[in-house]
Amino acid sequence: MLCPLGRDLYARALREGRIPADTTPVACLLTAGLLYADPDNPAWLRPTAPAVALPRLLADIERRVALHRGRAARLATAFEPFTRAEPVPGPGTATADVTVLKGGPRIAAAVRLAVADARREILSIQPRGSRPWPPLCNEPWRMAEFGARGGRLRTLTQPPRDGAPPARPGGAEGAAGETRALDALPPGLFVCDRTVAFIAAADGGHLAFDVRSPALVSYVATAFDILWRLARPLYREAAPRLSGEAVPPVQREITRLLADGLTDREIAGRMHMNVRTVRVHIARVAHTLGSTSRTQLGFLISRSGILEGHAER
């Protein structure tokens, strides 16, 4: 963030086009790279254009956020053994493929790791009258990231009482998917990519089975598919769409070239622009689509209809 003195000095440099190099330096301006030495006259400092500076600063923030999320994922992985209870006891030898998780925090920690690894599909059973399960409803951005990776959510719930509109399942924000209703359902279920299943084992969501056995997970997922075919649709969440007027023609063309895999420099050559201008247009498209990273931008472009609108023209 710029300090008050830094904002005033940057605004002055933008108004006047340059300021003397011996002006009292402001650390925040130098750190952000908002001033640079005039290559023709080192006695002056010139301001970096806002349209260039803003994407650069946002990209730096994205890199730092990605770094912290990577650290958080490694820390969660390191703590995973401590969040699990003992294996399920039985008359014979206990198996490591089924674990009892006790307490909401332990269940949530295990589910977070599974959702972070999920890429294709999540199956969920949310019986009516129970709290959203697993307890991730206060972290909808996790499901948004799953949706940004191309994942799809299928949810089974029970019909709403008295004709009330169906409630959106907890944690569904950001993930394209479909919800169906069935009068009778088993307790809560959460299956990620058909490799790990979490099954509610007690009311209140404070006890759950973490199932990693391929045979058991396949059995549970097959049971879900049978119930899914018997259930009736409540609603389907469609991918966000944009009208043709939402993106100017030059940005639609840049978007098409970006989707074709061209680099910023190659796009600049095709469009007869400089690279900085291309990046400004890409930043505007990202803002329109609500993208927070270059990887997510490609996925959102494919869902938005921008390319379809371009083809029609």
Side-chain angles (χ1 to χ4, degrees), residues 88 97-102 104 106-108 110-112 114-115 117-147 149-240 303:
V88 178
D97 289 333
V98 180
T99 304
V100 175
L101 302 177
K102 298 179 181 179
R106 289 184 174 179
I107 297 171
V111 174
R112 287 189 191 105
V115 171
D117 291 334
R119 292 293 183 274
R120 300 183 304 277
E121 179 186 52
I122 288 179
L123 312 176
S124 175
I125 291 181
Q126 302 281 346
R128 182 183 60 210
S130 63
R131 293 183 178 181
W133 192 92
L136 291 180
C137 57
N138 60 336
E139 298 173 333
W141 61 268
R142 294 187 185 276
M143 295 306 297
E145 288 187 340
F146 168 70
R149 295 193 293 271
R152 185 168 185 82
L153 174 66
R154 286 197 288 156
T155 301
L156 280 172
T157 187
Q158 290 173 292
R161 294 189 178 95
D162 304 324
R168 184 172 181 152
E173 292 84 349
E178 184 178 358
T179 298
R180 295 187 180 185
L182 201 61
D183 290 331
L185 288 173
L189 174 70
F190 203 77
V191 183
C192 296
D193 282 350
R194 299 180 183 252
T195 58
V196 55
F198 299 92
I199 304 173
D203 292 338
H206 299 299
L207 188 67
F209 292 107
D210 178 338
V211 181
R212 308 278 171 156
S213 165
L216 291 177
V217 174
S218 177
Y219 183 93
V220 170
T222 300
F224 180 95
D225 289 336
I226 294 172
L227 295 176
W228 183 260
R229 288 192 290 271
L230 296 173
R232 62 179 182 274
L234 277 184
Y235 63 81
R236 181 189 301 271
E237 295 178 339
R303 292 176 58 181

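The residue from Leu123, Val115, Ile125 that alone fulfils the side-chain contact (heavy atoms from CB on, under 4.5 Å) condition with Phe190 is Val115.
Applying the side chain to side chain contact (heavy atoms under 4.5 Å, CB included) rule to Ser218 yields the partners Thr222; only residues at least two apart in sequence or on another chain are considered. In terms of the side chain to side chain contact (heavy atoms under 4.5 Å, CB included) criterion, residue partners of Leu182 (sequence neighbours excluded) are, by chain and number, Leu185, Leu227, Leu230, Ala231. For Asp225, the salt bridge (Lys or Arg N to Asp or Glu O under 4.0 Å) test picks out Arg154, Arg194, with sequence neighbours left out. Not counting sequence neighbours, the partners of Val217 by the side chain to side chain contact (heavy atoms under 4.5 Å, CB included) test are Val191, Ala197, Val211.
Within the model, atoms CG of Asp210 and CD1 of Ile107 stand 10.0 Å from one another, a figure rounded to the nearest 0.5 Å. Put simply, CG on Leu189 and OG on Ser124 are 7.0 Å apart, with the number rounded to the nearest 0.5 Å. Distance check: Leu153 CG to Thr179 OG1 gives 6.5 Å after rounding to the nearest 0.5 Å. The structure places CZ of Arg119 at 11.0 Å from OG1 of Thr195, a figure rounded to the nearest 0.5 Å. Here the straight-line distance linking atom CZ of Phe198 with atom CZ of Arg212 works out to 5.0 Å at 0.5 Å rounding. If you take OG1 on Thr157 and CD on Gln126, they are separated by 7.0 Å, rounding to the nearest 0.5 Å.
Proximity of a side-chain donor or acceptor of Arg106 to a complementary backbone N or O of Leu101 within less than 3.5 Å is not detected. Between the Gln158 side chain and the Asp183 main chain, a donor and an acceptor come within less than 3.5 Å of each other.
The two residues Ala118 and Cys192 come nearest to each other via the heavy atoms CB-CB, 4.2 Å. Taking every heavy atom of both residues into account, Gly104 and His206 meet most closely at N-ND1, 4.1 Å. Taking both residues in full, the closest heavy atoms of Ala200 and Pro187 are given as O-CB, 3.8 Å, listed atom of the first, atom of the second, then distance. Contact between Trp228 and Thr155 at its shortest, heavy atoms only, is CZ3-O, 3.4 Å. Scanning all heavy atoms of the two residues, the minimum distance from Pro127 to Pro186 falls at CG-O, 3.4 Å.
Two residues are said to be in side-chain contact when any heavy atoms from C-beta on lie closer than 4.5 Å; Asp97 and Leu216 fail this criterion.
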